[in-house]
Amino acid sequence: MTATVQTLEVMERPPISMGSRLEGELLEVSMGPQHPSTHGVFRMNVALEGEIVRKLKPVFGYLHRNHEKIGENTSYLGSMPYTDRLDYFCSMTNNWAYALSVEKLAGIEVPERAEFLRIILAELTRLQNHASLLGFLLNDMGAWGTPLMYAFREREKILDLFESLSGSRMMCDYMRFGGCRVDAGPEWLAHAKKIVDVFPCFVDELEQLVVGNEVVIARTQNVGNLSPELAMSAGITGPMLRACGVNYDVRKVDGYGFYPRFKFRIPLGEHGDTYDRLMMRVLEMRESVGILKQAFEQIPAGPIINPKVKLRAFRPPVGEAYGRIEAPKGELGFYLISDGGPNPYRYRVRPPSFINLTVLEDLCLGHTVADVMVILGSIDIVMGEVDR
Amino acid sequence: MIGTGILKGMAVTARNFVGSYFDKERLVTVQYPEERNPLPENYRNFPFLIYDGEDSHAGLRCVACKICEKECPPQCIYIVKSEDKKPDYMGKPQFYPKVFDIDISVCMSCQICVEVCPFEAIKMDKDFELSSRERFNHLLLDKDQLAKSNAYYHKIHPIEAASVDKNLADAVAAAEAKKKAAAEAAAKAAAAANAHQHLPAPQHCEPATKATTESTSAPTNASPIPNASSNDGTSAAR
């Protein structure tokens, strides 16, 4: 963190008033991009009065990799491994969102077993994303390492599942248009079921660690309040929107995949502060465990990929499609325009964490600089997705 | 009472700390260079080329069709096709790669080259300890470094390799059966022609080669398989 005092001519400096309150000028602090609490290469130019935030300007683009332009210059299949690198915590949901939009574009049917596998993997992704997010958030509050390591212990079990299925822990590249790449054997499903069955123990442990902890309450309650009006007009989605009490979940609204066949509830917050956002993740993990248990019971046998879809020389018809899913961080959408060629004419990503980040200044104004870290942590950003 | 929440949290950490002395499950750290977790069957890292038998040149399955080069998203594969031909595993003369380079510092382990290969010639390796002290070119692997034996493939991916071998053996058997049938038909036709008048027809060569080309494609489920040795085949992959 580097601090630079706004340069003022010595002559112009206002006289120090001897009243009860010292008059000072704003201190401009550049936080990041190499600061550990900014979750990657993210920078904030913060203007401080004392330690109260008066202005905040997010600066990003340090991790820009031309994702969308690359998507327009590579084949439809070739973009699939690149989507892993968007939100590298949740490659499975990124794959699904991209596959969904291409399937919409080309009118591809997905076999039943593949839909179930997709739901299982998406909900496992949600579990590990929320678990690690909570770890990071507590880390930002100063609980050095311990909750993060507990969260990563659980995350590692799920990543091991991903590895044994897809071959890679994080860059899964698992889904294909019209299904999935590898079938999950009965041992894999049994192993996954075992992990999901004991996952609530971890959630309980985390709740004991966090809920009622005076430090967490002092640091999070009434910090970074987001009003539902602002959230809706800014296009905020995901747990951050639901923490304000707005009932909007793409799983329910769109009913993509086989989600309408599952029974689950949408947890809603009340105040829209950091504490609600934190607890929203805990509650969502419990709902995800419920969805997973239903999926393990109902998963049918059968093919996992639509045999009609060509792997090479795949050319969807002329048209456009927007496929969106409820990724762990919010609504993740891919907008594709096809001109009938092997590459998309336009390839656009609607990244949830980028759009959720736009209200950062509104959340931080009037809070201390230490709260900025906590608020940023509760937004749940991944720079791979923000910058693309 | 203030402080009870913190004490509850401390109890959790204490339970984890003490538990790690009694419960094996809680000891999650693996002391890496000494201890290693076994890699799962599906684990993938970087691609390599398979050869059958002992000789990495004669047994190389790759026919330099360049499909993987075209489909590779980060374009890390570079192939130069040979001018001459060598027999493939079915004895059919095929081109082979004169140069086959993979820059594994660019490769992103997406496995698309493996999925599109119609000849089961490129597979994913499991070797992940690839750091080097060299600064340049050390991660640019050439054909000799990439070529690994089928036995090695069996060692790292036993289930997958067995099914690939079965498919290839089936293809060879099917090809031979077709060849035999074609040869018999040709012989019969020749005999019939001979009975009518002369016309000694060595024509049976042509249907036989056709049969082998078809059956090469049989083991894979990739859609239309081009005749890899011809130029129209490679352009169809675009």
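Here the structure is a predicted model, which is why all the values come from computation and not from measurement. Quick note on labels: first sequence line is chain A, next is B, and so on, each numbered from 1.
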May I ask you to decide if B:Val164's main-chain N or O and B:Glu120's side chain share a donor-acceptor pair within less than 3.5 Å? no
With A:Arg176 as partner, the option from A:Asn306, A:Leu77, A:Ile108, A:Ile304 fulfilling side-chain contact (heavy atoms from CB on, under 4.5 Å) is A:Leu77
Should the pair A:Arg153 and A:Tyr150 be classed as cation-pi, given the thresholds of under 6.0 Å to the six-membered ring centre and 45° from the axis?
yes
Whatever's closer than 4.5 Å to a heavy atom in chain B on A:Ser168 counts as both
Whatever's closer than 4.5 Å to a heavy atom in chain B on A:Thr146 counts as side chain
Looking only at A:Val215, A:Val182, A:Leu165, the option with the highest number of non-hydrogen pairs under 4.5 Å against chain B is A:Leu165
Turns out that what part of A:Tyr82 lies under 4.5 Å from chain B's heavy atoms comes down to both
Honestly, the part of B:Ile6 sitting under 4.5 Å from a heavy atom of chain A is both
Among A:Met171, A:Arg169, A:Glu163, the residue with the most heavy-atom pairs under 4.5 Å to chain B is A:Glu163
Exercise. Any side-chain heavy atom of A:Lys157 sitting closer than 4.5 Å to one from A:Gln128?
Worked result: no
Between A:Tyr347 and A:Tyr98 (judged by ring centroids, cut-off 6.0 Å), do the two rings come close enough to count as a pair?
yes
- Message: Ring centroids only, cut at 6.0 angstrom: are B:Phe100 and B:Phe48 within range, meaning strictly under it?
- Response: no
The interface call for B:Pro40 against chain A, heavy-atom contacts under 4.5 Å, is side chain
